[in-house]
Amino acid sequence: REVDGVKVRGSDFEVVERAVVEVPVVETAHPVVVRGVEIAEVQTPAQVRGELVHALLQGLAVAAEVGVAAEVQAVRTALPWVFESGRSEVSVALEGGRVGRIDRLVEKDGEVWVIDFKTGEVLTPLPEGYVAQVKAYMAAVRASYPGKAVRGAVVWTAGATLVPVD
């Protein structure tokens, strides 16, 4: 169905903002093309909550309900090594000229970990789309860390659970 001209699935969607941003084509030494992009911001309450959880996991000072803050603290307590060093929201170039954003990139014991946080119900086995996403990030990271083992995982915030992606 459509809501204000934006195609959506489900019944709990609301259009928050819809804008067209014009970006000029930029010539670079690398094979990257930047063009005009349409941005349609459609978020459910679950998506808004997910963004809040991600912001807190990055260490940003944002207001959060007690339950959300407790969920984030449980992840930090269960997996302290994920937060002791490393970087959040790392952009990487993916195949086909796409850009991905790694939630957390951590070097630990000679390995590089690609961590993708997921909120909501813990799903087992991992959905194939999540596995493909983490594997694409891992492939991009390998080029920047030659000779190092690159590992990937999904961290379910609801259960403070790390699920490796092979």
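Hydrophobic clustering places Leu60 together with Val106 (ILVMFWY residues linked when any side-chain heavy atoms are closer than 4.5 Å, directly or through intermediates). Clustering ILVMFWY residues whenever any of their side-chain heavy atoms sit less than 4.5 angstrom apart, transitively, puts Leu56 in a cluster other than the one holding Val154. Under a hydrophobic clustering in which Ile, Leu, Val, Met, Phe, Trp and Tyr are joined whenever their side-chain heavy atoms come within less than 4.5 Å, directly or via other members, Val82 and Val114 fall into different clusters. In terms of hydrophobic clustering, with Ile, Leu, Val, Met, Phe, Trp and Tyr side chains grouped at heavy-atom distances under 4.5 Å, Val90 and Val155 are assigned to different clusters. Taking hydrophobic clusters as Ile, Leu, Val, Met, Phe, Trp and Tyr residues chained together by side-chain heavy-atom distances below 4.5 Å, Val163 shares a cluster with Val112.
Summarising the geometry of Ala143 relative to Pro146, their closest heavy-atom pair is O-CD, 3.9 Å, with the distance given to 0.1 Å. The two residues Ala140 and Leu94 make their nearest non-hydrogen contact at CB-CD2, 4.1 Å. What you find for Arg76 and Gly59 is that their closest heavy atoms are NH2-N, 3.6 Å. Summarising the geometry of Val134 relative to Ala153, their closest heavy-atom pair is CG1-N, 3.9 Å, with the distance given to 0.1 Å. Between Ala74 and Ala160, the shortest heavy-atom distance links the atoms O-CB, 3.8 Å.
Taking 4.0 Å as the cut-off between side-chain N and carboxylate O, Glu71 and Arg49 count as a salt-bridged pair.
Of the candidates Thr124, Leu123, Val75, Trp156 forms a side-chain contact (heavy atoms from CB on, under 4.5 Å) with just one, namely Leu123. Screening Leu105, Asp103, Leu162, Ile102 for a side-chain contact (heavy atoms from CB on, under 4.5 Å) involving Ile115 leaves a single residue, Leu162. Among Val68, Leu57, Thr157, the single residue meeting the side-chain contact (heavy atoms from CB on, under 4.5 Å) criterion with Thr119 is Thr157.
Formation of a donor-acceptor pair under 3.5 Å by the Gln47 side chain with backbone atoms of Thr44 is found in this model. At least one donor-acceptor pair under 3.5 Å links the side chain of Lys135 to the backbone N or O of Asp166.
The shortest side-chain heavy-atom distance between Val150 and Glu111 does not fall under the 4.5 Å cut-off.
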Could you walk me through whether Glu107 and Lys148 pass the side chain to side chain contact (heavy atoms under 4.5 Å, CB included) check? CA-CA 10 Å; Glu107 285 189 66; Lys148 287 203 176 191; 2.6 Å; yes
Could you go through Arg104 and Glu89, starting from their C-alpha distance and side-chain angles, then the distance that decides it, and tell me whether this counts as salt bridge (charged side-chain N to carboxylate O under 4.0 Å, His left out)? CA-CA 6 Å; Arg104 193 86 180 133; Glu89 301 297 319; over 6 Å; no
Is there a side chain to side chain contact (heavy atoms under 4.5 Å, CB included) between Val92 and Tyr137 once you walk through the steps? CA-CA 7 Å; Val92 292; Tyr137 293 166; 4.2 Å; yes
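Taking CZ from Phe117 and CD from Gln58, the interatomic distance works out to 9.0 Å, rounded to the nearest 0.5 Å.
In this structure, Lys108 is not positioned above the aromatic face of Trp113 in the sense of NZ or CZ being under 6.0 Å from the six-membered ring centre and within 45° of the axis.
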